[in-house]
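Below you'll find the structure, written out as structure tokens, and then a few comments.
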Amino acid sequence: MSASPVPGDPVPGAVVTRFAPSPTGFLHIGGARTALFNWLYARRHGGRFLLRIEDTDRARSTDAAIAAILDGMRWLGLDWDGDEYYQSQFAGRHAEVAHELLQRGHAYRCWMSQEALAAQRASAQAERRPFRIESEWRDCDGREGEGPSVIRLKAPREDETAIEDKVQGRVTVQNAELDDFVLLRSDGTPTYMLAVVVDDHDMGVTHVIRGDDHLNNAFRQLAIVKAMGWPEPVYAHVPLIHGQDGAKLSKRHGAVGVEAYRDALGILPEAMFNYLLRLGWGHGDDETISREEAVRWFDLDGVGRSPSRFDLKKLENLNGHYIREAADERLAGLIAPRIAALVGRDLDRDAIALLGRAMPELKPRARTLDELAEGATFLLRARPLDMDDKATALLEGEAADLLALVHRHLSALAEWSQEATERAVREVAEAEGVKLGQVAQPLRAALTGRATSPGIFDVLVLLGREESLGRIGDRMAVAG
RNA sequence: GGCCCCAUCGUCUAGCGGUCCAGGACGUCGCCCUUUCACGGCGAAAACACGGGUUCGAUUCCCGUUGGGGUCACCA
């Protein structure tokens, strides 16, 4: 599935890549992967990775929307070189280029009205033929119209244009397919098509790595590049990420911003990094790939050409892996706010230290920070504990008597350790002629309020003698 | 609809003419470990879309069909 090899690097020398998101309120999963690939490519080749915010649409480009993107990038550890650029800063330069194109005969002023355009489009549709703008102003020998005008590119109509795409291979399009798109709007502002090309050139971008949805645009942009006589960048159009239904990932698929996975589920940045990397790219049978390995191994030829579906299950599995690898203190700090919300009070240093100590037992049982916090709350909940349904069921019948026996044996212990508590509980089971589980399960319910938890002797030690005995006592009191 | 792109297990992928009755991972299902749930270990089911070529030989190359996706603004 590798892309056909593209001979020779047309731009020898330093690599410059860029990520150019438009601020929509969050860092889109697909955008994050595009950013990742650009970052990786630049780092791999000792080049520079630039960030440019496409804030031409001023209405949408709020500070909050921009901050969300920068925040997401930092979270993933995708550091950009230098300050971020803002496309709106360069509007003057964009207009300048449009006028230069005009002077050199590669563009023309067009006074065609929106209505005339709409009429052309309608008749094209009625006759079931492809729509292509046909402006009378393309070749009008200096004649001028009335009122405001736009500047359109005088796109070539003969021959064809080919792009040697690093991912897609050679892609060719008939120039007749390209129409005279607008470069400068009637209010003098630049269109996206013009702005990207000018900015990429001015920023010295050598490799344009972006989503597949821009492949068609690339031909239009290349027309500007050629008209200006600028060096052509290397293009690499990576396939889009799809939802479970196979369509381009969008809001209707649910969470689509990386911060949602971070905040709601509790995904670790290294897990997201690894997952996104493996989505559409592979390195043999390697599954868990570190940041360093990624920089060492990443290459554009490894990027597949077909879209891939976002699979939450795999992300979660990977996240579980990274949780197990993460330092206990870091994890404790990460889940502290979640637990605070769950137990309804802030956690002090002792509480966080307790979480850290419990972490080795908690970690293997969670795939997300959300699950990790959920599994840890029993440590910090206030007495008397609420019992869930399964815990309540475990405490029915003869369980109460067994619990009382366990309480007595544990109370008599001189030393409160895993070994000592285990011995005590096993003695009760043996003396009563029941299986360990018949004693351990009610004990678990009493201590945690749940039917599942870390190993019961770990729980006993983590909670400590006083708290443990207290919790068991609470249940005995209820049983009467 | 025009144009462009894509096509290996349910999903992510390995495979770059013979090593493939197709390998790994997630998910699923068994079994083991076990005080619960996980983790871990072992095992199972599961794919080269179809049809033509090229070739001594196609999952790998070419063409077509089918299916899927993207894109067609004075949005970005």
Side-chain angles (χ1 to χ4, degrees), chain A residues 1-2 4-5 20-24 54-57 60-61 87 110 112 114 117 121 124-125 128-133 148-152 165 168-169 171-174 176-179 181-187 189-193 195-196 211-219 237 239-240 242 244 246-248 275 278-288 301 304-318 320 324 361-367 371 375 390 394 422 425-426 429 435-441 443-445 448 450-457:
Chain A
M1 201 190 298
S2 66
S4 53
S22 55
T24 50
E54 312 259 286
D55 60 342
T56 314
D57 185 348
R60 266 197 298 174
S61 307
Q87 188 155 67
C110 174
M112 205 153 107
Q114 299 274 16
L117 226 38
R121 193 174 289 123
Q125 194 131 43
R128 298 173 58 92
R129 63 177 162 76
F131 171 64
R132 204 127 301 131
I133 285 170
S149 63
V150 299
I151 294 181
R152 288 184 184 281
D165 195 280
Q168 305 293 341
V171 184
T172 310
V173 140
Q174 294 301 313
E177 296 292 333
L178 275 28
D179 59 7
F181 58 92
V182 173
L183 297 172
L184 209 61
R185 291 188 268 259
S186 52
D187 65 358
T189 60
T191 59
Y192 162 79
M193 215 62 81
V196 233
D212 217 352
D213 50 344
H214 285 289
L215 184 55
N216 291 301
N217 286 338
F219 292 94
H237 289 92
L240 300 176
H242 286 181
Q244 280 308 313
K248 181 176 165 180
Y275 178 71
R278 281 286 289 104
L279 199 58
W281 179 84
H283 184 267
D285 284 343
D286 296 304
E287 294 291 344
T288 56
D301 339 322
R305 297 209 257 171
S306 56
S308 29
R309 297 186 191 204
F310 189 80
D311 182 6
L312 187 58
K313 282 279 192 289
K314 189 142 186 176
L315 207 209
E316 287 182 338
N317 174 275
L318 218 35
R324 274 168 256 135
E361 287 304 314
L362 263 17
K363 283 200 293 197
R365 278 164 249 263
R367 289 172 312 176
E371 289 178 358
K390 285 178 183 166
L394 284 173
E422 174 160 2
V425 174
R426 283 190 187 278
K435 286 185 177 174
L436 181 57
Q438 284 176 267
V439 182
Q441 280 303 86
L443 179 57
R444 183 188 315 282
T448 69
R450 299 288 146 87
T452 65
S453 79
I456 199 64
F457 308 112

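Only this structure's heavy atoms are used, side chains among them; waters, hydrogens and symmetry mates stay out. Lettering of chains follows the sequences in order, A, B, ..., and the numbering in each one begins at 1.
Picking from B:rA76, B:rC37, B:rC5 the nucleotide with the shortest atom distance to the side chain of A:L215 gives B:rC5. Listed nucleotides B:rC3, B:rC74, B:rC12 differ in distance to A:L279; the shortest reach to its side chain belongs to B:rC12. Proximity note for A:N317 (side chain, C-beta onward) versus B:rC26, B:rG70, B:rC37: the nearest is B:rC26. Of the candidates B:rC5, B:rU71, B:rC74, the closest approach to any side-chain atom of A:Q168 belongs to B:rC5.
Not a single donor-acceptor pair, N or O on each side, falls under 3.5 Å between the base of B:rG70 and the side chain of A:D212. A donor and an acceptor atom sit less than 3.5 Å apart, one in the side chain of A:K314 and one in the base of B:rA25. Residue side chain A:S453 does not reach the base of B:rC37 through any donor-acceptor N/O pair under 3.5 Å, judged by distance alone. Judged by distance alone, with hydrogens and angles left aside, A:R324 brings no side-chain donor or acceptor close enough to the base of B:rC39 to form a pair under 3.5 Å.
Pairing for B:rG1 is with B:rC72, a Watson-Crick or G-U wobble pair whose two hydrogen-bonding atom distances lie under 3.5 Å. In this structure, B:rG18 forms a base pair with B:rC56, meeting either the Watson-Crick or the G-U wobble geometry with both donor-acceptor distances under 3.5 Å. Checking B:rG40 for Watson-Crick or G-U wobble geometry (two distances, each under 3.5 Å) identifies B:rC32 as its partner. Summarising the base pairing, B:rU11 is matched to B:rA25 through a Watson-Crick or G-U wobble pair whose two defining distances lie under 3.5 Å. Of all nucleotides present, only B:rG64 satisfies the Watson-Crick or G-U wobble test against B:rC50, with each distance under 3.5 Å.
Side-chain N/O atoms of A:T191 include none lying less than 4.0 angstrom from OP1 or OP2 on B:rA73. Proximity of A:N217 to the phosphate of B:rU71: no side-chain N or O atom is located under 4.0 Å from OP1 or OP2. When the side-chain nitrogen and oxygen atoms of A:R305 are compared with OP1 and OP2 of B:rC6, one or more of them lie within a distance under 4.0 Å.
Look at the C1' atom in both B:rA46 and B:rC37: the space between them is 28 Å, to the nearest Å. Spacing of C1' atoms, B:rU59 relative to B:rA14, comes out at 12 Å, to the nearest Å. As rounded to the nearest Å, B:rU60 and B:rC21 have P atoms that lie 15 Å from one another. A gap of 50 Å separates the P atoms of B:rU55 and B:rC29, to the nearest Å. For the C1' atoms, the distance from B:rU35 to B:rC9 is 38 Å, rounded to whole Å. Nucleotides B:rU54 and B:rG1 have their P atoms positioned 33 Å apart, rounded to a whole Å. Using C1' as the reference atom, B:rA76 and B:rA38 are 46 Å apart when rounded to the nearest Å. Atom P of B:rG43 sits at a distance of 26 Å from the matching atom of B:rC16, rounded to the whole Å.
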In B/S/- notation (B base, S sugar-phosphate only, - none; protein heavy atoms under 4.0 Å), nucleotides 28-35 of chain B written 5' to 3' is -------B
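Taking atom CZ of A:R132 as the reference point, atom P of B:rU71 lies 17 Å away to the nearest angstrom. To the nearest angstrom, P of B:rA73 lies 9 Å from CG of A:L117.
Place A:V173 and A:P148 on RNA chain B by their nearest nucleotides, and A:V173 ends up nearer the 5' end.
Listed by chain and number, the residues in a ring pair (Phe, Tyr, Trp, His ring centres under 6.0 Å) with A:F457 amount to none (sequence neighbours excluded).
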